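Small disclaimer: the values here were computed from a predicted structure and weren't measured. Numbered from 1 within each chain, the chains take letters A, B, ... in sequence-line order.
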Protein chains: 2
Amino acid sequence: MEPVNLKYLAKELGLATSTVSRALRNSHEISDETKQRVMAMAKKLNYEPNPYASSLRKQKSKTIGVIIPEIANNFFILVINGIEAIAREKNYHVLIYLTHEDYEREKYIVQHLQNGRVDGILMSVSSETVNVDHLMDLQDKGLPIVFFDRVCESIPTAKVTTDDYNCGYLATEHLIKQGCKNVAYFSFSRQSINSKRMAGYEDALKKYGIPLKPHLIVSGTTNDTENYKLIKKLLSSKQRPDGIFSAVEKMAVSTYNVCADIGLNIPNDIKIVSFSNLEVAPLLHPSLTTITQPAFDIGKEAVSILFKSLEKKNYTLPDETFILKSALVVRDSTKKSA
Amino acid sequence: MEPVNLKYLAKELGLATSTVSRALRNSHEISDETKQRVMAMAKKLNYEPNPYASSLRKQKSKTIGVIIPEIANNFFILVINGIEAIAREKNYHVLIYLTHEDYEREKYIVQHLQNGRVDGILMSVSSETVNVDHLMDLQDKGLPIVFFDRVCESIPTAKVTTDDYNCGYLATEHLIKQGCKNVAYFSFSRQSINSKRMAGYEDALKKYGIPLKPHLIVSGTTNDTENYKLIKKLLSSKQRPDGIFSAVEKMAVSTYNVCADIGLNIPNDIKIVSFSNLEVAPLLHPSLTTITQPAFDIGKEAVSILFKSLEKKNYTLPDETFILKSALVVRDSTKKSA
DNA sequence: TTGAAAGCGATACCAT
DNA sequence: ATGGTATCGCTTTCAA
């Protein structure tokens, strides 16, 4: 079966491929009549232009790459939804790459995206990432990149985050006001974003004259079982906290599991507030007090910024951080003890 | 800045592009010495082959397309994770397309994927899909496709599902054994998969001599607010059910919300079991009895089957359905009333 | 307004 | 073992 490509179309129409190409892209230098004929034939033969030929020629892929640590996380899902909504409007394709929080994997992906497969990148860096040379390389190649949530401060490009410091402060303050004296901090990333949340935590403690206790700072891993053990150990000890501010949802879920298993009552024995985009947070037992990020909007914002660079020639993304506001949603997991 | 491509590499090395190309792909007809030199230079210059040029020439994209109704659903997320795990091993890229349960959108996507952008497709059809001509076209073009979960019976290709009929039967039977006399069925798809779950529901009722009541069959939409209203109306009526078997997670979540709002106690006033891959099902209030599908394995299985077709020449996917087993996980939402 | 031809970058066939 | 060259399908000068 003969392939339906430009050449074939042109032959059927008795035109040159260049004419057909222009007609299909609605060029003004082609007569309306010819356009009609070409369109009709293209439709009839079910012609679909080969994207790779086009990309090769134009040196543009109409594709954006999204690099994220994991996908089993409602935050990233919502971000992807936001990205997809805009990308779809612009007829761009979305390639998703997962680092699984693995620095080597991230390096590999970034390295390979320098080959022109994507026109731009949206990225949330892995929690393992400390060295950023691979990201510098991208900059050098002129591949536009926009960071979101887990940003890379040292790379001069656009970043989209939420007011992490502020939320860290608010969450901690909330726990204190609900009566907590020993507030723990859970996270697992070494990223700037977490250090901001942590900075808010530290400042809130300071403000209320509560000394920071290192054993209450828990750094988890990507392994839920490990986290469960870590948390269980802490909550079973004599020096267990009476409040937890979790910077990551996974740790909060593990905490719920631990409490159920060792018989700690939330919120009477221990209160908890967590960064989370869990849809069913209100349905948990007890309902979970959260810091909820505008994830969908973060995705939209990040991709919109990226498109500025994709659509304008010689436009370099500003080294600027765009901050969207998260919200503290108070629920039962931080209710005052009776 | 001169681009680092084969030509440039060849020039630097004083070799022909064909030689360099072969050396890079470790062809046996190239001397070890030359290979070493080429590899070294490629590494030094940070050479990345242009995927579009390669795809154009080889008429292979090393990319698979995943078409799903939505991504904000733990089932599909896990499936994607399974797909990605295998795709990564094989060095394939994954393009994700969302239909948002919209038939026209699905048609559009499928139509456009006939252009060679992907080598194969994994798909769960939209709940709106009734006409399958667009899928037939794919078959005609020789683009291999594997359906999973929401399969399309009439297309002769490989399908991966779970034992839906059986689970529908088990779930319903479970409710009956827990004392329910009026069991409702919630879903929103017109797909075969749902009709199987529903068939199990119907047969279980029949087996236990319970007449099927049409007003207890609720077909939701993609709109959560609408579903909420629908469910609220049913549960507020005199003829409300005392048990619900939900074929879709979303409807179960809406049901929880409704019950909380109108003051119905689960499981005393009403029991519920739902198809769901919600990670926090055990943490809900009350914990949710679920039919849990092996989503990750479904993804792995589907993509593995697809790879058979991608890796073998002239291999046509069998018109066969591969069935993985789901599990009924009993929790508190179906506990016997005191 | 249309056509001819060059070229994007990699690959594979045919030489040598 | 290596080199020359046509080719994948499309876009874009340049010519007519």
Exercise. Under the 3.5 Å rule, do the base of C:dG3 and the side chain of A:Arg22 count as making a donor-acceptor pair?
Worked result: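 Answer yes: a donor N or O sits under 3.5 Å from an acceptor.
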Check every atom of [options] against the side chain of [X] and return the nucleotide holding the closest atom.
X       : options              : answer
A:Ser21 : D:dC8, D:dG3, D:dT12 : D:dT12
B:Asn5  : D:dG9, D:dT12, C:dG9 : C:dG9
A:Ser18 : C:dA4, C:dT1, C:dA10 : C:dA4
A:Thr19 : C:dA10, D:dT2, C:dG3 : C:dG3

Problem set entry | Salt bridge flag under 4.0 Å for residues B:Lys7 and B:Glu12 |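 No, this pair does not count.
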For this session: Could you tell me whether A:Lys159 and A:Glu153 have a side-chain N and a carboxylate O separated by less than 4.0 Å?
Result: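 A:Glu153 and A:Lys159: not salt-bridged.
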Exercise. Is it true that a side-chain atom of A:Thr63 and a backbone atom of A:Ser61 form a donor plus acceptor pair closer than 3.5 Å?
Worked result: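 Such a contact is found between A:Thr63 side chain and A:Ser61 backbone.
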For this session: Please answer whether the main-chain N or O of B:Lys300 pairs with a side-chain N or O of B:Ser304 as donor and acceptor at a distance below 3.5 Å.
Result: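 Yes, because the side chain of B:Ser304 sits within donor-acceptor range (under 3.5 Å) of the backbone of B:Lys300.
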Interatomic distance where [atom1] belongs to [X] and [atom2] belongs to [N] [whole Å]:
X        : N      : atom1 : atom2 : value
B:Asn115 : D:dC8  : CG    : P     : 18 Å
B:His28  : D:dT2  : NE2   : C1'   : 14 Å
B:Arg57  : C:dT11 : CZ    : C1'   : 5 Å
A:Glu29  : C:dG3  : CD    : C1'   : 12 Å
A:Tyr52  : C:dG9  : OH    : P     : 17 Å
A:Lys62  : C:dC8  : NZ    : P     : 23 Å
A:Lys7   : D:dA6  : NZ    : P     : 14 Å
B:Lys60  : C:dA12 : NZ    : P     : 12 Å

Exercise. Could you go step by step and tell me if A:His100 and A:Glu106 meet the side chain to side chain contact (heavy atoms under 4.5 Å, CB included) rule?
Worked result: CA-CA 8 Å; A:His100 297 285; A:Glu106 176 177 298; over 6 Å; no
Exercise. Quick one, which residues of residues 33-50 of chain B touch DNA chain D with a heavy atom under 4.0 Å?
Worked result: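 B:Thr34, in order of number.
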Exercise. Base, sugar-phosphate alone, or nothing: which one does B:Gly14 contact when heavy atoms must sit under 4.0 Å apart?
Worked result: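 Sugar-phosphate only.
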For this session: Would you tell me if any nitrogen or oxygen in the side chain of B:Arg25 comes within less than 4.0 Å of OP1 or OP2 on C:dT11?
Result: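 Yes, B:Arg25 has a side-chain N/O under 4.0 Å of OP1/OP2 on C:dT11.
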Exercise. Any side-chain N or O of B:Gln59 less than 4.0 Å from the OP1 or OP2 oxygen of D:dT7?
Worked result: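 Answer no for this pair, as no side-chain N or O of B:Gln59 is under 4.0 Å from OP1 or OP2.
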Exercise. Are the aromatic ring centres of B:Tyr47 and B:Tyr8 under 6.0 angstrom apart?
Worked result: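 Not under 6.0 Å, so no.
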Exercise. What about B:Tyr108 and B:His134, are their ring centers closer than 6.0 Å?
Worked result: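 Distance test on ring centres: not under 6.0 Å, no.
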For this session: Report the residue (A:Thr17 or A:Ile30) whose heavy-atom-nearest nucleotide on DNA chain C is the more 5′ of the two.
Result: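 Its nearest nucleotide being more 5', the pick is A:Ile30.
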